[in-house]
There are 2 protein chains.
Amino acid sequence: MTGTEARRRPTIYDVAEAAGVSKSLVSLVLRGSPSVSEARRTAVLDAMARLDYRPSQAAAALAGATTRTIGVVIDDYRNLWFVELLRGLQEGLAPHGLRIAVADHTLNAHVEAHPLDGFLSMRVDGLVIATEPTGAMRVPEGLPVVVAGHREGVVPGADVVANDDRLGARLATEHLVGLGHRGIGHLTGGGGAARLRAEGFAEAMAAAGLEPRTVAGDGATTEEDGYVAAVRLLDTAPETTAVFAANDTMAMGALAAAGERGRRVPQDLSVVGYDDSPIASTHLLQLTTVDSRNAEIGAVAAERLVARIGGSPAPETAVLLDPQLVVRGSTAAPRSTA
Amino acid sequence: MTGTEARRRPTIYDVAEAAGVSKSLVSLVLRGSPSVSEARRTAVLDAMARLDYRPSQAAAALAGATTRTIGVVIDDYRNLWFVELLRGLQEGLAPHGLRIAVADHTLNAHVEAHPLDGFLSMRVDGLVIATEPTGAMRVPEGLPVVVAGHREGVVPGADVVANDDRLGARLATEHLVGLGHRGIGHLTGGGGAARLRAEGFAEAMAAAGLEPRTVAGDGATTEEDGYVAAVRLLDTAPETTAVFAANDTMAMGALAAAGERGRRVPQDLSVVGYDDSPIASTHLLQLTTVDSRNAEIGAVAAERLVARIGGSPAPETAVLLDPQLVVRGSTAAPRSTA
DNA sequence: ATGAAAGCGCTAACAA
DNA sequence: TTGTTAGCGCTTTCAT
């Protein structure tokens, strides 16, 4: 009796009827088949618009062999490094009609055990793992998977695309050495990338005949960790004139510690970060950092995915992109070259 | 002939057979029906584990009346205000077995016209619009929708949950007035929230008998805009001793401008932001700000959604949460109370 | 408490 | 170029 009851949502049947064609023709138009006459196509498109029709993704997924969507697993929305990755992925995937679905590891923890399960339930056509892969990540063989941004892939059959953290750390360190710094400290944290960066730091320091001093905060790589680590470093090794942090966030903490200790940046202390995240280019930080080329990582990941989706099984590949030093205002030659 | 060809993924049929029951029973177990004997249930669960079975979301969505997922539309992954919103949403939704799908406005722009279309195609059970609603947002009537964080809802039938921006701006301004500041400037930007905050600022200044000075950057609310606006303010009105920025990001820009002009914060210049975003609580900023209570906004949004999904149609509601001032280290009494 | 059977809205052969 | 016809893997009555 209520006139406002929600009408059943239109289906291809309704569209077909309204356009005076068969259901299959509608399906063909939907997927942009070239073998549909212009007249019919416009008729169908018209009917769709009139009825405010939306294709049912569920029905399409169920009937078809493919969902045309790639699942991206990220760690934490606050870690902005994935933003550029997504952009690169998106640009590489869109031309192939592939869409992206993003899932945060922590977010749906209660509903699904792991975002991976959600994506597998969804029958995604491919997966990008933008977190540190854990042993528990079992994916059905044959599903295209690329691990992005992390080299320690333990996902069987997955391609790996990442930046060369060790090289990046060397670039950062050599930049500081080149400026004349000798008391250079490194702020490290947990995780594989941090370890590789610490190794690169140690290598570059050794090559320059300098003693590498590496200090950690509370084990993670947050701003707080950077602050804590920097305080420790500056207090125990006051001769330090430059700091290389495992990432931009930690570098931010180092900046705070420097300010508190009355050290001006870059005059009294040089600071380098890693990632070239959005905060690095702010007026406030003007942080010299290492661009890990996340957009390119995304682009390469997209390429791999597309190749695997279309093609026959191929051996897994690993691509290591060369990071790039981005010099901004947080580094300078030390005051006195002692 | 190749032994490694990907086996067909198991379905309820396979599970049913392996467990020696009917398909329907498997379905019942899947959705936790209480009317299944313990013996059968464990048998089914066992079979699922053995076969590494994953229910097909597509099939479930197609057959069932509901998808148990809520679509959340956000603007830009870089704007971290949505992170807490998601947390609140998640906590409110998970107990009801509802999952969250997040879509960035800009991301799938090429594939789908609007994330909204994607969600409608997906047949979500509800929608959270965490962007400034535009006129083009037509959603099927009967679909639960809540606009979160923005008051200027033009989505018909949608509930609105937001913080009271005008009040928050008054709190921030009154805090500065209370500290003894008289030369207080406001950095504003584009968008509805910024406008409301500017109005609240003007109100509080008028109430204190002070002249409100409001300046914009390049029209947006980025760090760059904050920097530009603050430079303008400090250069044209050097008597300014306090700045209230439309958000934390702009405040960050103001901090940079202050530093450049040789103004120490908070001794020479007090700065207040808005949003209590993750950057505000860093050691580097220690920003006094206004907590817009995004987690609570998410919680209320979840509540509304759940009520609408379960219940009968109800008139649309609008909830305005009271924001809270968070005093940190970026504000202090002015040097000389002139 | 469990099973049988009819779709959900599409895609993908195949026919015409 | 267009129409016909089976399913895809589930949920959901309805029986039993």
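Just so it is clear: chains get the letters A, B, ... in the order the sequence lines come, proteins before strands, and each one is counted from 1. FYI, side chains are in, hydrogens and waters are out, and symmetry mates aren't considered; it's all heavy atoms of this structure.
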*side-chain hydrogen bond (donor to acceptor under 3.5 Å, both in side chains) partners for Thr42(B), two or more places apart*: none
_Listing request: all salt bridge (Lys or Arg N to Asp or Glu O under 4.0 Å) pairs with a residue in residues 298-312 of chain B, at least two apart in sequence or in separate chains._
Asp159(B)-Arg308(B)
*Excluding sequence neighbours, so at least two apart, what forms side-chain contact (heavy atoms from CB on, under 4.5 Å) with Ala220(B)?*
Thr222(B), Asp225(B)
*Charged N-O contact under 4.0 Å between Arg138(A) and Asp52(B)*: yes
_According to salt bridge (Lys or Arg N to Asp or Glu O under 4.0 Å), does anything in residues 64-73 of chain B pair up with another residue at least two apart or in another chain? List the pairs._
none
*Can a donor-acceptor pair be found between the side chains of Thr131(A) and Asp75(A) at a distance below 3.5 Å?*
no
*Between which nucleotides of DNA chain D, read 5' to 3', does contact with chain B run, using atoms under 4.0 Å from its heavy atoms?*
dG9(D) to dT12(D)
*For Val147(A) and Val161(A), run side-chain contact (heavy atoms from CB on, under 4.5 Å): C-alpha distance rounded to whole Å, both residues' side-chain angles, the deciding distance at 0.1 Å, then the answer.*
CA-CA 6 Å; Val147(A) 175; Val161(A) 187; over 6 Å; no
*Would you list the pairs meeting salt bridge (Lys or Arg N to Asp or Glu O under 4.0 Å) in which at least one residue belongs to residues 28-47 of chain B, sequence neighbours left out?*
none
_The criterion is ring-ring contact (aromatic ring centres under 6.0 Å, His included); which residues satisfy it with Phe119(B), sequence neighbours excluded?_
none
*How far does the helix from dA1(C)-dT16(D) to dA16(C)-dT1(D) bend, going by the axes of its first and last five pairs, to the nearest 10°?*
30°
*With Glu316(A), which residues qualify under salt bridge (charged side-chain N to carboxylate O under 4.0 Å, His left out), at least two apart?*
none
*asked:* Tell me whether the rings of Tyr77(A) and Tyr77(B) are parallel (<30°), tilted (30 to 60°) or perpendicular (>60°).
replied: parallel
_Qualifying residues under side-chain contact (heavy atoms from CB on, under 4.5 Å), relative to Ala47(B), sequence neighbours excluded_ = Val15(B), Ala18(B), Ala19(B), Arg50(B)
*Tell me, which of residues 32-44 of chain B have any heavy atom that sits under 4.0 Å from an atom in DNA chain D?*
none
*Summarise how protein sits on nucleotides 9-16 of chain C as a single string, 5' to 3': B when a protein heavy atom is under 4.0 Å from the base, S for sugar-phosphate-only contact, - for no contact.*
BBBB----
